[in-house]
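If you scroll down you'll find the structure; I have some questions about it.
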2 protein chains.
Amino acid sequence: MKKYFNILRKCPLFNDIDDNDLSTMLACLGTKVLSFDKKYTVFSEGSPAKYVGIVLSGSVQVIKNDYYGNRSIVSSAEPSDLIGEAFACAGTSSLPVSIIANEPSEIMLIECYRILHSCSNGCHFHQQMIFNLMKNLAMKNILFHQKIEITSKRSTREKLMAYLMLQAEKTKSNHFRIPFDRQELADYLEVDRSGLSAEISKLRKEGVIECEKNYFELL
Amino acid sequence: MKKYFNILRKCPLFNDIDDNDLSTMLACLGTKVLSFDKKYTVFSEGSPAKYVGIVLSGSVQVIKNDYYGNRSIVSSAEPSDLIGEAFACAGTSSLPVSIIANEPSEIMLIECYRILHSCSNGCHFHQQMIFNLMKNLAMKNILFHQKIEITSKRSTREKLMAYLMLQAEKTKSNHFRIPFDRQELADYLEVDRSGLSAEISKLRKEGVIECEKNYFELL
DNA sequence: TAAATTCTGTTGAATTTTCAACAAAAGGAG
DNA sequence: CTCCTTTTGTTGAAAATTCAACAGAATTTA
């Protein structure tokens, strides 16, 4: 388990928790680590929402498919990020989304019950973890506000620019890589792929952006 | 303060807290109650996010305006609902949204710091409140997933139907009132008002829905 | 009660998006 | 290295949304 410590330390769930305590905690929480190949399902829509996941390696996407197979990408998660915690914490009986590995990935699973309820060992970690979960959920809430701000724009161009400007802000740089290919970006922005491609071409010709695959630069 | 107790008891922040303790707590938290007339601003975009609000009476809307004055309604809140808690808990320096009274409303304000940090009186409430905040944030998270599911639909009709079906689910009934007028519903669904009106007419003619002002019925 | 304001439904024109189809480029498998 | 699959950019036609403008209803104000 040691090899994951650098990732786990950066996980919001373990904020302000002493490195020395980490091993004890993991034992107390009864963690398990699963591996998933690209495109494989980590959590599937409709299944019980018992587990909190921590991305250890690779990356995953939170996906919602509607009646007619239209895919919408709700969010993506990278190493150290938590997944599924909102549903587990809220006590949702079944997941309203699927979570899919976007590349070969390792995920640590923790039964949410074990985090929220003190154990018979009298571990003093639980209060801190609940506090950390709360902070993390508040932060995710803000991410949703940002996503809504992006997708509330009415045109493909505005959505794309709002997304790119947010990425620039996050990375504090005018050039960056995004975690999506074209189809995925379209599914995240909730627009048509071909229309998105066309819009990217236009912006490039107009000298507003430069881009090469998933690398973008704002000019 | 007594007159608000019935509302406060239903507020997620005070879940599992004994009625007898409520007065002590409110004193400890240093609450204040403010009144707002219709259309007045409870929290304004850009201001510091120090306070958690509880809607005591009336109703409010969480609003995001973009560069060119397009209004987007992120969510609405009714008595017993919490507002602004995600920003306060996450420690955001300034609010990315405005919160506006939708009718004459009373709002109780609590400094978030006072909730999250134990006081010198050694109140034992804080841990429970942090747990409650966490649950509430998880629930809000799920509401955002629902909003994203609605607005990710590509057509006005699909957005409207997704919204109405969710309302029907929530009220466990095929008839209900919504907290929006036409323009507000359009701003919530992120579509054009006239197009929305036209779509409602169509659905009515097709016998799919019945509606009168903000009262809707699914057939 | 009357006047003024706000809200709602309708319309047609202009703009955009979606859809379907295709070819070139890139990437992966054997 | 070649073949096969996936990804990407382009196109034009069809469909849908947005926009602007208006009139009637409904609501509020004086």
Side-chain angles (χ1 to χ4, degrees), chain A residues 37-39 61 66 68-73 100-104 150-163 177-206 208-216, chain B residues 37-40 61 66-73 100-104 150-163 177-206 208-216:
Chain A
D37 280 339
K38 182 172 177 164
K39 308 251 177 191
Q61 293 178 339
D66 72 1
Y68 249 104
N70 287 316
R71 176 178 73 165
S72 167
I73 297 181
I100 312 286
N102 198 38
E103 52 188 308
I150 290 168
T151 56
S152 73
K153 299 273 184 287
R154 296 299 179 31
S155 70
T156 298
R157 165 180 288 233
E158 280 183 307
K159 286 181 188 181
L160 174 60
M161 286 307 293
Y163 173 74
R177 291 189 173 283
I178 67 172
F180 301 126
D181 64 25
R182 291 287 179 276
Q183 181 65 60
E184 289 167 343
L185 180 57
D187 289 344
Y188 180 83
L189 299 179
E190 326 283 11
V191 298
D192 178 68
R193 180 197 62 78
S194 68
L196 174 63
S197 267
E199 205 59 49
I200 289 174
S201 289
K202 259 198 218 168
L203 285 167
R204 211 153 34 173
K205 277 175 199 148
E206 293 174 20
V208 180
I209 66 173
E210 200 45 75
C211 99
E212 153 94 31
K213 311 230 185 171
N214 69 341
Y215 171 86
F216 282 80
Chain B
D37 280 339
K38 181 170 178 168
K39 308 252 177 190
Y40 274 67
Q61 293 178 339
D66 72 1
Y67 327 93
Y68 248 104
N70 286 316
R71 177 178 73 165
S72 166
I73 297 181
I100 311 285
N102 197 38
E103 52 187 306
I150 290 168
T151 56
S152 73
K153 300 275 185 286
R154 297 300 171 61
S155 68
T156 299
R157 165 179 290 233
E158 279 184 307
K159 287 182 188 181
L160 175 60
M161 286 307 293
Y163 173 73
R177 291 187 173 282
I178 68 173
F180 300 126
D181 63 26
R182 289 289 179 276
Q183 180 66 61
E184 289 167 343
L185 180 57
D187 289 344
Y188 180 82
L189 299 178
E190 326 282 13
V191 298
D192 178 69
R193 181 197 60 78
S194 68
L196 174 62
S197 267
E199 206 58 49
I200 289 174
S201 289
K202 261 198 217 167
L203 285 167
R204 211 154 35 176
K205 277 175 197 149
E206 292 173 20
V208 180
I209 66 173
E210 200 47 74
C211 99
E212 151 94 30
K213 311 224 187 178
N214 70 339
Y215 171 87
F216 283 80

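Lettering of chains follows the sequences in order, A, B, ..., and the numbering in each one begins at 1.
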Requested in this report: Identify whether any heavy atom of D192(A) sits under 4.0 Å from a base atom; if not, whether one sits that close to sugar-phosphate; answer base, sugar-phosphate or nothing.
Outcome: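 Contact class for D192(A): base.
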
Report summary line: Side-chain contact check for S194(A): nearest option of dT7(D), dT8(C), dA20(C) is dA20(C)

Query raised in the report: Are S201(B) and dT10(C) close enough that a side-chain N or O sits under 4.0 Å from OP1 or OP2?
Result: yes

Query raised in the report: Taking everything shown except E212(B) itself, do over 12 heavy atoms lie less than 6.0 Å from its CD?
Result: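 No.
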
Query - K159(A) versus I150(A), closest heavy-atom pair with distance - result: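 Distance-wise, the nearest heavy atoms are CG-O, 3.4 Å.
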
Query raised in the report: Heavy atoms under 4.0 Å, any strand shown: does S155(B) hit a base, just sugar-phosphate, or nothing?
Result: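 Sugar-phosphate: the residue S155(B), judged by heavy atoms under 4.0 Å, touches backbone atoms but no base.
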
Report task. Please determine if a side-chain N or O atom of R154(A) lies less than 4.0 Å away from the OP1 or OP2 oxygen of dT18(D). Result ->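 Yes, R154(A) has a side-chain N/O under 4.0 Å of OP1/OP2 on dT18(D).
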
Query raised in the report: Starting at the 5' end of DNA chain D, which residue's closest nucleotide do you reach first, N70(B) or I200(A)?
Result: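 Its nearest nucleotide being more 5', the pick is I200(A).
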
Query raised in the report: Just wondering, do F216(B) and Y163(B) contact through their side chains at under 4.5 Å, heavy atoms?
Result: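 No, their side chains stay 4.5 Å or more apart.
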
Query raised in the report: Between R182(B) (CZ) and dT10(C) (P), how many Å, whole number?
Result: 11 Å

**Report entry** First encountered from the 5' end of DNA chain C, between K39(B) and G195(B)
**Finding:**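 That would be K39(B).
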
Requested in this report: Pick base, sugar-phosphate or nothing for T156(A), based on heavy-atom distances below 4.0 Å to the nucleic acid.
Outcome: sugar-phosphate

Query raised in the report: Nearest of dT18(C), dT7(D), dC7(C) to any side-chain atom of D181(B)?
Result: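 Of the options given, the side chain of D181(B) lies nearest dC7(C).
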
Query raised in the report: Looking for any heavy atom pair under 4.0 Å, which part of the strands does R193(A) touch: base, sugar-phosphate only, or nothing?
Result: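 Result for R193(A) = base.
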
Report task. With DNA chain C as reference, determine whether R157(A) or K213(A) sits nearer its 5' end, using the nearest nucleotide of each. Result ->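 The residue closer to the strand's 5' end, by nearest nucleotide, is R157(A).
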
Query - Contact check, side chains of R71(A) and I73(A), non-hydrogen atoms, under 4.5 Å - result: yes

